[in-house]
2 protein chains.
Amino acid sequence: MPKIVDKAKMRDTILDAAMTVFAEHGVHASSVSDIAQAAGLAKGTLYLYFDSKEAMTTAIVDRHFAALEAQIARGAPGETLNGFLEDLRRTMDIPAEQSSFHRVFFEVFGPSFASDAFTSHVAGFFDRLGAHYAERITHLQDLGEITPHHHAPSIGRVLASMMDGVVLHRGLFGIAERRHQRMIREAVAVLGDGLRPLPPGPE
Amino acid sequence: MPKIVDKAKMRDTILDAAMTVFAEHGVHASSVSDIAQAAGLAKGTLYLYFDSKEAMTTAIVDRHFAALEAQIARGAPGETLNGFLEDLRRTMDIPAEQSSFHRVFFEVFGPSFASDAFTSHVAGFFDRLGAHYAERITHLQDLGEITPHHHAPSIGRVLASMMDGVVLHRGLFGIAERRHQRMIREAVAVLGDGLRPLPPGPE
DNA sequence: GCTTATTATGACCGACCGGTCATTTTGCCG
DNA sequence: CGGCAAAATGACCGGTCGGTCATAATAAGC
C-alpha cells in the first residue's frame with residue numbers, strides 16, 4: 001500500500017544535484033538547501049537518504065573512486081617487467097578530457113580535505129593502489145624480473161604517490177600532450193632501469 | 001606620544017598562530033576567536049592587522065611560496081649523482097609539521113584552481129623546480145654520472161611532479177614517519193639505479 | 001605626571017547553516 | 001475507492017561564526 005521509491009536511484013539523483021551545485025560554488029559555499037533546490041526536493045528529504053552533508057560529499061568521492069578502483073582491478077597480473085611498466089605508462093597517460101576533471105575535483109573538494117573522513121577515503125584508495133602494485137612487484141621479483149632487494153610494499157606505495165603526482169600535475173597545470181608524453185616516457189624508462197636486475201640491454 | 005608596535009612582526013605572529021590552529025582543525029572549522037586565543041590576543045586586535053579571516057589565509061600561502069622559492073635557489077650545483085639523490089631525499093623528507101601545510105593549502109586554495117592566474121602561479125613554481133633539476137641532471141650527464149640518453153628537461157620536470165606527489169601524499173594522508181622514510185628511501189634507490197650509467201653493483 | 005594618539009579588548013549583533021520533526025502528500029493494494 | 005504506511009515537506013531550533021565598536025589600556029613626548 002505504501003509509496004515506494006528506488007532508494008539507490010534517488011541517492012544517485014541527489015548526488016548528481018550535489019555535484020552540480022558544488023561545482024558551481026564550491027562545497028562549503030553550498031548549503032544543503034541549495035542542493036535540495038537543485039534536486040527539486042525539500043531539505044528534509046535529503047536527510048532521508050543521507051545522514052549529513054558530509055555523507056553526501058563522501059558518497060560523491062566514493063562513486064568516483066569506485067570507478068577508478070574497478071579500472072585498477074582490471075589490470076592483468078602480468079609476467080614481465082615490461083608489461084608492468086606499460087601498465088604504469090598507460091595509467092599516467094590519461095586522456096586530456098579526464099585529466100581536466102582533476103582540476104574540478106580539487107576546486108570542488110579541496111575544502112573537504114579539512115575532513116578526516118574525506119581524507120581517509122582518498123587515502124584508502126591510494127593505499128589499495130599501492131598494495132596492488134606491491135603485489136605485482138612481489139610476483140615479478142619471484143620471477144626474477146625485478147631486483148629482489150627492494151621492499152615491495154614501500155615501492156608500491158611510493159609508486160602510487162609518484163604517479164599521482166604526475167597525473168595531478170598534468171591535470172592541474174594543463175601540461176601539453178606532447179610534453180606529458182615525453183615526461184611519462186622518461187619516467188617509465190628510469191623506473192624500469194631502476195627496477196631491472198640486469199644491466200639495461202642496448203637499444 | 002603614542003604606543004608603537006612593529007606591525008610586520010605582529011602580522012607574522014598572528015599568521016603563525018593561525019597556521020597552528022588551521023593545521024589542527026582545518027580552516028573552516030577554525031574560528032577567528034580560536035586564532036586570537038592561540039596568538040594571545042583579542043579577536044578585535046586581529047582585525048587591526050588583517051581585514052578578514054580570508055586575508056589571513058592568503059597571507060599564509062604567500063609566505064609559504066616565497067620561502068619555498070628561496071629554498072630552491074639555494075640548491076648547490078653538486079658533482080655526484082649520490083649528492084643529487086641525497087638532495088632529492090632531503091627535499092621529500094620534510095618535517096611532519098610543515099607537511100600539514102598541504103592539507104590547509106588544498107582546503108583554502110582548492111577553489112582557486114578555477115582561476116587560470118592562480119594555477120599558472122603554482123605551475124610556474126614547479127616549472128622552475130623542474131628546470132632546476134634538469135640543469136643539475138645535464139651537468140651530471142656531462143660528468144658521466146648519469147646516463148646520457150635521458151632527456152634532461154623531461155626528466156627534471158617529471159621528477160618535480162613525482163616528488164610533489166610523494167610530499168603531497170605524506171601531508172594530505174598523514175603517512176607515518178617510519179613508513180614515509182622507507183618510501184622515500186626506496187624511491188631514491190630506484191631512481192638512482194635508473195639514472196646510473198653502470199649496472200648496479202651487488203649488495 | 002599629564003596628554004594624546006595608537007593599540008587592545010571582548011561583549012554584542014545579525015546572519016546563516018545543518019539538522020529535526022510534526023504534519024501533509026503520495027501512491028500501492030485490497 | 002479508501003486505508004495506510006512510506007515518503008516528502010519546510011518552518012523551526014540551537015548554535016556558531018565573522019565582524020563591529022564603544023571603551024579601556026598603553027606608552028612616548030612634553
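Here is how names work: the chains are called A, B, and so on, in the same order as the sequence lines, proteins then strands, and each is numbered from 1.
Side-chain proximity of Tyr49(A) to the nucleotides dA8(C), dA7(D), dG18(C) is greatest for dA7(D). Checking dG18(D), dT9(C), dT9(D) against every side-chain atom of Ala42(A), the shortest atom distance belongs to dT9(D). Each of dG18(D), dC12(D), dC17(C) was ranked by its minimum atom distance to the side chain of Lys43(A); first place goes to dC12(D). With dT9(D), dG19(D), dT9(C) as the choices, the nucleotide that has an atom nearest any side-chain atom of Leu41(B) turns out to be dT9(C). Distances from the side chain of Ser31(B) to the nucleotides dA8(D), dA8(C), dC17(D) place dC17(D) closest.
Between the CD1 atom of Ile35(A) and the P atom of dG10(D) there is a distance of 17 Å, given to the nearest Å. If you measure from atom CD1 of Ile14(A) to atom P of dA7(D), you get 12 Å, rounded to the nearest angstrom. Protein atom CG of Asp6(B) is 11 Å distant from nucleotide atom P of dA8(C), rounded to whole Å. Taking atom NE2 of residue His28(A) and atom P of nucleotide dC16(C), one finds them 17 Å apart after rounding to whole Å. The interatomic distance linking Leu48(A) (CG) with dA6(D) (C1') rounds to 9 Å, in whole Å. In this structure, Lys7(A) atom NZ and dA6(D) atom P are separated by 9 Å, rounded to whole Å. Rounded to whole angstrom, the span from the CE atom of Met10(A) across to the P atom of dA6(D) amounts to 17 Å. For the pair Tyr47(A) OH and dA11(D) P, the computed distance is 16 Å after rounding to whole Å.
Taking 4.0 Å as the cut-off between side-chain N and carboxylate O, Arg11(B) and Asp6(B) do not count as a salt-bridged pair. A salt bridge between Arg136(B) and Glu145(B) is absent, with no side-chain N of the basic residue lying under 4.0 Å from a carboxylate O of the acidic one. Residues Arg90(B) and Glu86(B) are paired through a salt bridge, judged by an N-O separation under 4.0 Å between the basic side chain and the carboxylate. Taking a cutoff of 4.0 Å between a charged side-chain nitrogen and a carboxylate oxygen, Arg170(B) and Glu177(B) qualify as a salt bridge.
Proximity of Lys53(A) to the phosphate of dG18(C): a side-chain N or O atom is located under 4.0 Å from OP1 or OP2. Distances shown here put a side-chain N or O of Thr45(B) below 4.0 Å from the OP1 or OP2 atom of dT9(C).
Contact annotation for Met56(A): no contact, since no heavy-atom pair falls under 4.0 Å across all strands. Phe50(A) comes within contact range of no nucleotide atom at all, as no heavy-atom separation falls under 4.0 Å. Looking at heavy-atom distances under 4.0 Å, Ser52(A) makes contact with sugar-phosphate atoms alone, never a base.
Separation of the His169(B) and Phe126(A) ring centroids falls under the 6.0 Å cut-off.
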